[in-house]
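Excluded from the calculations below are hydrogen atoms, water molecules and symmetry mates; all remaining heavy atoms, backbone and side chain alike, are included.
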Amino acid sequence: MLRTERGVVLLEVIIALTLLTVSGLSMIAIVESGMESQRQVRMHEQELQAANRVLGAYALLARADLDLRLGRRRVGEFQVGLQRPEPTLYRVGIAPEQAPDLELLVTVLYRPSAP
């Protein structure tokens with residue numbers, strides 16, 4: 001091999017290694033981003049499961065117990081808003097304590113009037 005050819009081959013190897021390094025670092029960044037997204041989704045899912053447990057507990061309450069809990073109150077890590085828009089309907093909204101205006105779960109419960 002001529003001396004200039006060896007220099008060109010060395011330059012090609014350096015460029016190839018640089019490209020491999022850049023692409024490898026890009027792949028690492030993509031994987032880290034995916035893992036962070038997955039962690040956030042898992043945390044949000046756990047928060048929704050906890051809110052669902054609170055909502056389930058409210059769904060089991062009788063009409064008299066719901067009447068005692070009308071308004072907004074703190075239940076664990078959540079703000080629970082209980083309203084009665086109609087005489088037989090109760091609206092239950094579960095929101096995180098940090099953002100009480102952002103409801104995670106909402107449902108309407110029917111409780112017949114007392115005879």
Side-chain angles (χ1 to χ4, degrees):
M1 278 185 149
L2 295 174
R3 186 178 180 115
T4 56
E5 286 179 12
R6 283 188 291 175
V8 171
V9 170
L10 180 61
L11 184 60
E12 287 176 351
V13 168
I14 290 173
I15 291 172
L17 286 175
T18 302
L19 290 174
L20 283 173
T21 302
V22 169
S23 63
L25 290 175
S26 298
M27 291 298 292
I28 289 172
I30 289 170
V31 169
E32 284 180 359
S33 174
M35 290 175 63
E36 176 63 22
S37 295
Q38 185 180 20
R39 185 186 66 78
Q40 289 177 352
V41 166
R42 190 176 303 122
M43 286 177 47
H44 186 64
E45 183 180 357
Q46 289 172 349
E47 182 181 40
L48 284 174
Q49 288 174 349
N52 189 43
R53 285 191 293 275
V54 172
L55 190 64
Y58 268 75
L60 294 174
L61 294 175
R63 181 182 177 88
D65 294 328
L66 289 171
D67 285 336
L68 292 174
R69 290 171 174 80
L70 287 174
R72 268 191 136 16
R73 63 181 60 226
R74 182 172 181 248
V75 177
E77 60 192 90
F78 301 105
Q79 286 285 327
V80 178
L82 181 62
Q83 303 167 347
R84 188 172 59 197
E86 298 288 330
T88 57
L89 298 179
Y90 294 86
R91 181 189 184 277
V92 183
I94 311 290
E97 191 174 23
Q98 308 87 332
D101 295 333
L102 177 67
E103 293 180 323
L104 298 172
L105 296 174
V106 176
T107 193
V108 176
L109 304 173
Y110 171 77
R111 297 294 184 268
S113 299

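Residues T88 and R63 come closest through the heavy atom pair CA-NH1, 3.9 Å. Taking each heavy atom of A95 and P100 in turn, the nearest pair found is CB-O, 3.4 Å.
Placement of L89 and V80 in two distinct hydrophobic clusters is found when ILVMFWY residues are connected by side-chain heavy-atom separations under 4.5 Å, directly or transitively. In the hydrophobic clustering of ILVMFWY residues, with side-chain heavy atoms under 4.5 Å counting as a link, V108 and V106 come out apart. Follow the hydrophobic side-chain contacts under 4.5 Å out from L11 and you reach L19 in the same cluster.
Side-chain contact between Y58 and V75: present, with at least one pair of heavy atoms (C-beta onward) separated by less than 4.5 Å.
With sequence neighbours excluded, the residues that form a side-chain contact (heavy atoms from CB on, under 4.5 Å) with L102 are A99. Applying the side chain to side chain donor-acceptor pair (under 3.5 Å) test to R91 and every residue at least two apart in sequence or in another chain returns E103.
Note that the CD1 atom of I30 and the CG atom of L25 stand 11.5 Å from one another [nearest 0.5 Å]. Between the CG atom of D65 and the CG atom of L82 there is a distance of 11.0 Å, given to the nearest 0.5 Å. The distance from the CG atom of L70 to the OH atom of Y90 is 6.5 Å, given to the nearest 0.5 Å. In this structure, Q79 CD and R73 CZ are separated by 10.5 Å, a value rounded to the nearest 0.5 Å.
The closest donor-acceptor contact from the side chain of R69 to the backbone of L61 lies at 3.5 Å or more, if one exists at all. Within the 3.5 Å criterion, the main-chain N or O of A29 finds no donor-acceptor partner in the side chain of S33.
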What's the verdict on side chain to side chain contact (heavy atoms under 4.5 Å, CB included) for R84 and L66, showing C-alpha distance, side-chain angles and the deciding distance? CA-CA 9 Å; R84 188 172 59 197; L66 289 171; over 6 Å; no

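When each of Q38, H44, E36 is checked for a side-chain hydrogen bond (donor to acceptor under 3.5 Å, both in side chains) with Q40, only E36 meets the rule.
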Scan the side chains in residues 45-57 for donor-acceptor partners under 3.5 Å anywhere in the protein, sequence neighbours excluded, and list what turns up.
none

